[in-house]
S.K.: 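The structure under discussion is supplied below as structure tokens; questions concerning it will follow.
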Amino acid sequence: MFTGIIEALGTLRKIERKGKDIRLTVASGKLDLTDVKLGDSIATNGVCLTVVQCLADGYVADVSAETVSLTGFAHYAVGQAVNLEKAVTPTTRLGGHMVSGHVDGIAKVEQRHNRGNAIEFWLSAPQELAKYIAHKGSITIDGVSLTVNEVNGCQFRLTIVPHTANETTLINLKAGDSVNIEVDLIARYLERLMQPAQDEQPQSGVTLAMLASAGFMR
């Protein structure tokens, strides 16, 4: 679990393609790795990756074909900057929102505007994900926890304050770029809870009709 508050900017040092899977070597920049061990999770541009090798100044992680298909990793190149965040601990400040690191898909940057000291972006989400994006709700963009300021169909507006822009890869985004998005976890669980009861599979072979015919229901 993560918060979407980026701790450091990293760099993709090596990308090894193994069939449809990828093995990454990430230079971790100023990220403190003293408490990181094999098997720990680090969100890399919003994707929860498991550390399979610890380096003095970075880590190695594997990206499965499933993750590659849903994220921008299919098009990343050596030298690209990535947002990094270590998994939360019981004492971590929850400064952003609950982020799983399980990216739902890719959004496209449609417009970029300067608004005073801030940067305003309009992005378009895939239609199947747009229903989870709400005005003043939370969304994760390349691992960054952000507030949605406006929604218009499949498009939504974000405002990036100077600190966030300067400490993440968002400062370099331009129209036409693609970003990893993770929608709010609560929205997904609410959808599941509100599905009609008839969608659920019966837990046994005994039906109401069978009980009635046997005389147990009047």
S.K.: Any carboxylate oxygen within less than 4.0 angstrom of a Lys/Arg side-chain nitrogen, looking at E16 and R23?
M.R.: no
S.K.: For I119 versus A165, what's the shortest heavy-atom pair and its separation?
M.R.: CD1-CB, 4.1 Å
S.K.: Within the structure provided, determine whether L170 and L146 are in side-chain contact (heavy-atom separation under 4.5 Å).
M.R.: yes
S.K.: Taking V88 as the starting point, is it possible to reach V144 by hopping between hydrophobic residues whose side chains are less than 4.5 Å apart?
M.R.: no
S.K.: So which of T140, T71, I139, V183 actually passes side chain to side chain contact (heavy atoms under 4.5 Å, CB included) with D104?
M.R.: V183
S.K.: Quick one: do T11 and V82 satisfy side chain to side chain contact (heavy atoms under 4.5 Å, CB included)? Show the steps, please.
M.R.: CA-CA 6 Å; T11 306; V82 286; over 6 Å; no
S.K.: Under 4.5 Å side-chain heavy-atom separation, chaining through any Ile, Leu, Val, Met, Phe, Trp or Tyr, what else clusters with V60? Say none if it is isolated.
M.R.: V52, L55
S.K.: Over all heavy atoms of both residues, which pair between V103 and G46 is shortest? Give the atoms and the distance, please.
M.R.: CG2-O, 3.5 Å
S.K.: Sorted by first residue and then second, give each ring-ring contact (aromatic ring centres under 6.0 Å, His included) pair with at least one member in residues 95-135; sequence neighbours left out.
M.R.: none
S.K.: May I ask you to say whether K18 pairs ionically with D62, meaning some side-chain N is under 4.0 Å from a carboxylate O?
M.R.: no
S.K.: How close do A130 and G153 get, heavy atom to heavy atom, and via which atoms?
M.R.: CB-O, 4.2 Å
S.K.: Can a donor-acceptor pair be found between the side chains of T169 and N83 at a distance below 3.5 Å?
M.R.: yes
S.K.: To the nearest 0.5 Å, tell me how far E150 CD sits from I133 CD1.
M.R.: 13.5 Å
S.K.: Same cluster or not: are I15 and I42 linked, directly or through other Ile, Leu, Val, Met, Phe, Trp or Tyr residues, by side-chain heavy atoms under 4.5 angstrom apart?
M.R.: yes
S.K.: Checking R112 now: which residues fulfil salt bridge (Lys or Arg N to Asp or Glu O under 4.0 Å) with it, not counting sequence neighbours?
M.R.: none
S.K.: Is L70 isolated, or which residues cluster with it under the ILVMFWY side-chain rule of less than 4.5 Å, directly or via members?
M.R.: none
S.K.: Enumerate the residue pairs fulfilling ring-ring contact (aromatic ring centres under 6.0 Å, His included) with a member in residues 51-76, sequence neighbours excluded, ordered by first and then second residue.
M.R.: F73-Y76
S.K.: How long is the gap from OG on S28 to CZ on R13, to the nearest 0.5 Å?
M.R.: 8.0 Å
S.K.: Within the structure provided, determine whether V47 and T67 are in side-chain contact (heavy-atom separation under 4.5 Å).
M.R.: yes
S.K.: Would you please name every residue forming a salt bridge (Lys or Arg N to Asp or Glu O under 4.0 Å) with E167, sequence neighbours left out?
M.R.: K30
S.K.: Could you see if V99 belongs to whatever hydrophobic cluster contains L9? Use Ile, Leu, Val, Met, Phe, Trp, Tyr and a side-chain cutoff under 4.5 Å.
M.R.: no
S.K.: Between N180 and G72, is there a donor-acceptor pair closer than 3.5 Å when you use the side chain of the first and the backbone of the second?
M.R.: yes
S.K.: Within this structure, what is the CD1-CG distance for the pair I160 and N117, rounded to the nearest 0.5 Å?
M.R.: 14.0 Å
S.K.: Between E85 and G4, which heavy-atom pair has the shortest distance, and what is it?
M.R.: OE1-N, 3.0 Å
S.K.: Could you check whether any side-chain N or O of Q80 sits under 3.5 Å from a backbone N or O of L12, counting only pairs where one atom can act as donor and the other as acceptor?
M.R.: no
S.K.: Looking at side-chain heavy atoms only, is the closest gap between K86 and L31 below 4.5 Å?
M.R.: yes
S.K.: Drop me the distance from E66's CD to D21's CG, to the nearest 0.5 angstrom.
M.R.: 11.0 Å
S.K.: Do K14 and V78 touch side chain to side chain, with heavy atoms closer than 4.5 Å?
M.R.: no
S.K.: To the closest 0.5 Å, what do you measure between CG (L173) and CD1 (I141)?
M.R.: 9.0 Å
S.K.: Determine whether V151 and V179 fall in the same hydrophobic cluster, where Ile, Leu, Val, Met, Phe, Trp and Tyr are linked whenever their side-chain heavy atoms lie under 4.5 Å apart.
M.R.: yes
S.K.: Just by modelled atom types, is the L84 backbone N or O under 3.5 Å from a matching donor or acceptor in the T44 side chain?
M.R.: no
S.K.: Got more than 12 heavy atoms from elsewhere within 6.0 Å of CG, L38?
M.R.: yes
S.K.: What's the spacing between M1 CE and T89 OG1 if we round to 0.5 Å?
M.R.: 13.5 Å
S.K.: What's the verdict on side chain to side chain contact (heavy atoms under 4.5 Å, CB included) for T50 and D40, showing C-alpha distance, side-chain angles and the deciding distance?
M.R.: CA-CA 6 Å; T50 300; D40 282 354; over 6 Å; no
S.K.: Does the side chain of I181 reach to within under 4.5 Å of the side chain of P126, using non-hydrogen atoms?
M.R.: yes
S.K.: Side-chain heavy atoms nearer than 4.5 Å, only ILVMFWY residues, links allowed to pass through others: does that put L123 and V148 together?
M.R.: yes
